[in-house]
Amino acid sequence: MTVTSRRVLLPQHLWNRTTAGCSAQEIRTSEGGVKYDFQIRCIRRNLTGQWSEWGPTTSVTTLETAPTGKLKTWWRNLEATHESQLKILLMWKQLERNKANAEHLWYIVKSSSDLHDTENILCNTTILNCTISLPTEKKNVFIRAYNNAGASPETEITLTARNGKKIIDSSNG
């Protein structure tokens with residue numbers, strides 16, 4: 001993600017004005033991991049005279065908060081390596097910026113819904129897809145987006161054919 005800076009007049013509900021010789025703006029936002037660039041200039045208290053030149057830019061990044069919202073996912077059966085294994089390509093959409101709450105996310109796919117289970121990790125990646133191998137009897141996997149502050153709610157992916165039948169029908173040999 002590329003961060004670009006530009007001068008923006010902030011809506012009144014996002015800032016407070018102080019009277020310490022200059023005007024200052026305080027950002028109030030619940031969005032985490034956002035970079036703000038600030039510049040200050042002054043004018044006399046009674047607003048007479050001319051504004052000073054803009055001061056140097058100061059950058060501040062809000063603290064990250066755990067991602068919110070579930071991932072939008074889909075999957076495709078790549079092949080059956082043999083009757084007891086499936087090779088599945090999982091794909092998901094990137095969370096919107098206001099739900100990611102950070103610039104950088106990574107994703108963990110597990111065969112267990114336990115947040116703290118580290119033994120059933122199938123995939124740990126920073127890209128928006130991964131290929132996993134599963135036993136044919138496994139019907140669900142779970143994915144979460146992570147940032148430095150925590151994890152998103154889990155998204156459960158159910159692995160059944162669209163018609164409700166098994167993905168691999170062993171009776172067709």
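This structure is a prediction, so every number in the text was calculated from the model and none was measured.
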Steps toward side chain to side chain contact (heavy atoms under 4.5 Å, CB included) verdict (Trp75, Leu159)
CA-CA 8 Å; Trp75 60 274; Leu159 303 171; 3.7 Å; yes
Least distance between heavy atoms, [X] atom then [Y] atom:
| X | Y | result |
| --- | --- | --- |
| Ala151 | Arg144 | CB-CD, 4.1 Å |
| Gln39 | Gly55 | NE2-O, 3.1 Å |
| Lys70 | Pro153 | CG-CB, 4.2 Å |
| Asn147 | Ala102 | ND2-CB, 3.5 Å |
| Leu95 | Gly69 | CD2-O, 4.2 Å |
| Pro67 | Gly150 | CD-O, 3.5 Å |

Min side-chain heavy-atom separation [X]-[Y] under 4.5 Å:
| X | Y | result |
| --- | --- | --- |
| Trp92 | Cys130 | yes |
| Lys110 | Ile121 | yes |
| Tyr107 | Leu128 | yes |
| Val141 | Leu134 | yes |

Let me check something: do Tyr36 and Leu63 share a hydrophobic cluster, defined by ILVMFWY side-chain heavy atoms less than 4.5 Å apart, either directly or through other members?
no
Going only through I, L, V, M, F, W and Y residues with side-chain contacts under 4.5 Å, is there a path from Phe142 to Ile132?
no
Could you give the distance from [atom1] ([X]) to [atom2] ([Y]), rounded to the nearest 0.5 Å?
| X | Y | atom1 | atom2 | result |
| --- | --- | --- | --- | --- |
| Thr155 | Ile143 | OG1 | CD1 | 7.0 Å |
| Ile108 | Leu122 | CD1 | CG | 11.0 Å |
| Thr126 | Tyr146 | OG1 | OH | 15.0 Å |
| Ser111 | Lys139 | OG | NZ | 14.5 Å |
| Ile127 | Leu105 | CD1 | CG | 14.0 Å |
| Thr131 | Leu90 | OG1 | CG | 8.0 Å |

Please check this pair: side chain of [X] against backbone of [Y], looking for a donor-acceptor N/O pair closer than 3.5 Å.
| X | Y | result |
| --- | --- | --- |
| Ser112 | Asn120 | no |
| Arg76 | Leu89 | no |
| Ser52 | Cys42 | yes |
| Thr61 | Lys35 | no |

So for atom CD, which belongs to Glu137, do other residues, nucleotides or ligands contribute more than 12 heavy atoms lying within a distance under 6.0 Å?
yes
Testing the 3.5 Å rule here: is there a donor-acceptor pair between the side chains of Thr65 and Asn101?
yes
Donor-acceptor side-chain pairing of Ser59 and Asp37 below 3.5 angstrom:
yes
Run the side chain to side chain contact (heavy atoms under 4.5 Å, CB included) check on Asn140 and Ile157 step by step: do they pass?
CA-CA 6 Å; Asn140 304 69; Ile157 304 167; over 6 Å; no
